[in-house]
Amino acid sequence: FFYEVKGMYPYKKPNFFRRNFSFSGVIEATHFWSEMGVRVIGWLCGSVLLSILISVVIPGTTEQLIVLTNIVMPIFTIVWIIPMVALTRRRLRDAGYSAKSYLWLLLPVIGWIVFICRLCAKSADEIV
């Protein structure tokens, strides 16, 4: 995805690391949801491929493969989640909310609903 994010990189197109690991700037709702969908589908495909790769390349018993998968998959997930948190932070900033909105995720059901509603909110400049 190469898209223009308003106010994020005014002088040049972002490279991979600036675009994915930057917590500054904003992103519109349509770009956020398309990017998030691609990331979730990519994570699912990547985790399946990584599991298959571990089971094919590394010989061993089933128990050894399960232990190895339980070590590798959390590392893969953490590396994958950091850009998703950055993307979500940019979306919250665009909607006019602070990083304190992440605290809603601590509440089991209602908090998640409120958090998703905040991600779906209009941009702050559209509200005014």
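Residues take their numbers from the sequence shown, with the count starting at 1.
Put simply, the side chain of Trp80 never gets that close to the backbone of Ile75: no donor and acceptor are under 3.5 Å apart. The main-chain N or O of Leu119 is found under 3.5 Å from a side-chain atom of Arg91 such that the two form a donor-acceptor pair. Side-chain N or O atoms of Thr77 include one that pairs as donor or acceptor with a backbone N or O of Met73 at under 3.5 Å.
Under the 4.5 Å side-chain heavy-atom criterion for Ile, Leu, Val, Met, Phe, Trp and Tyr, Trp33 and Ile41 are members of distinct hydrophobic clusters. Clustering ILVMFWY residues whenever any of their side-chain heavy atoms sit less than 4.5 angstrom apart, transitively, puts Ile71 in a cluster other than the one holding Leu53.
Here the OH atom belonging to Tyr97 is positioned 9.0 Å from the SG atom belonging to Cys117, to the nearest 0.5 angstrom. Put simply, CG on Leu92 and CG on Leu87 are 10.0 Å apart, with the number rounded to the nearest 0.5 Å. Between atom OG of residue Ser34 and atom CD1 of residue Ile27 there is a gap of 7.0 Å, rounded to the nearest 0.5 Å. Note that CG of Asp94 is 11.0 Å distant from NE2 of His31, once rounded to the nearest 0.5 Å. Going from atom CZ of Arg39 over to atom OG1 of Thr88 covers 9.0 Å, rounded to the nearest 0.5 Å. For the atom pair Ser101 OG and Arg93 CZ, the distance stands at 11.5 Å (nearest 0.5 Å).
Residues Phe76 and Ser47 come closest through the heavy atom pair CE2-N, 3.7 Å. For Val72 against Leu50, the heavy-atom pair with the smallest separation is CG1-CD2, 3.5 Å.
Here Leu106 pairs with Leu103 under the side chain to side chain contact (heavy atoms under 4.5 Å, CB included) rule; sequence neighbours left out. Among residues two or more places apart in sequence or in another chain, the side-chain hydrogen bond (donor to acceptor under 3.5 Å, both in side chains) test is passed with Thr69 by none. For Leu105, the side chain to side chain contact (heavy atoms under 4.5 Å, CB included) test picks out Tyr102, Trp112, Phe115, with sequence neighbours left out.
Counting Ile, Leu, Val, Met, Phe, Trp and Tyr side chains that sit under 4.5 Å apart, directly or through other members, Ile66 stands alone, with no cluster partners. Clustering of Ile, Leu, Val, Met, Phe, Trp and Tyr side chains at separations under 4.5 Å places Val109 together with Ile113. Residue Val79 shares its hydrophobic cluster (ILVMFWY side chains chained together at separations under 4.5 Å) with no other residue.
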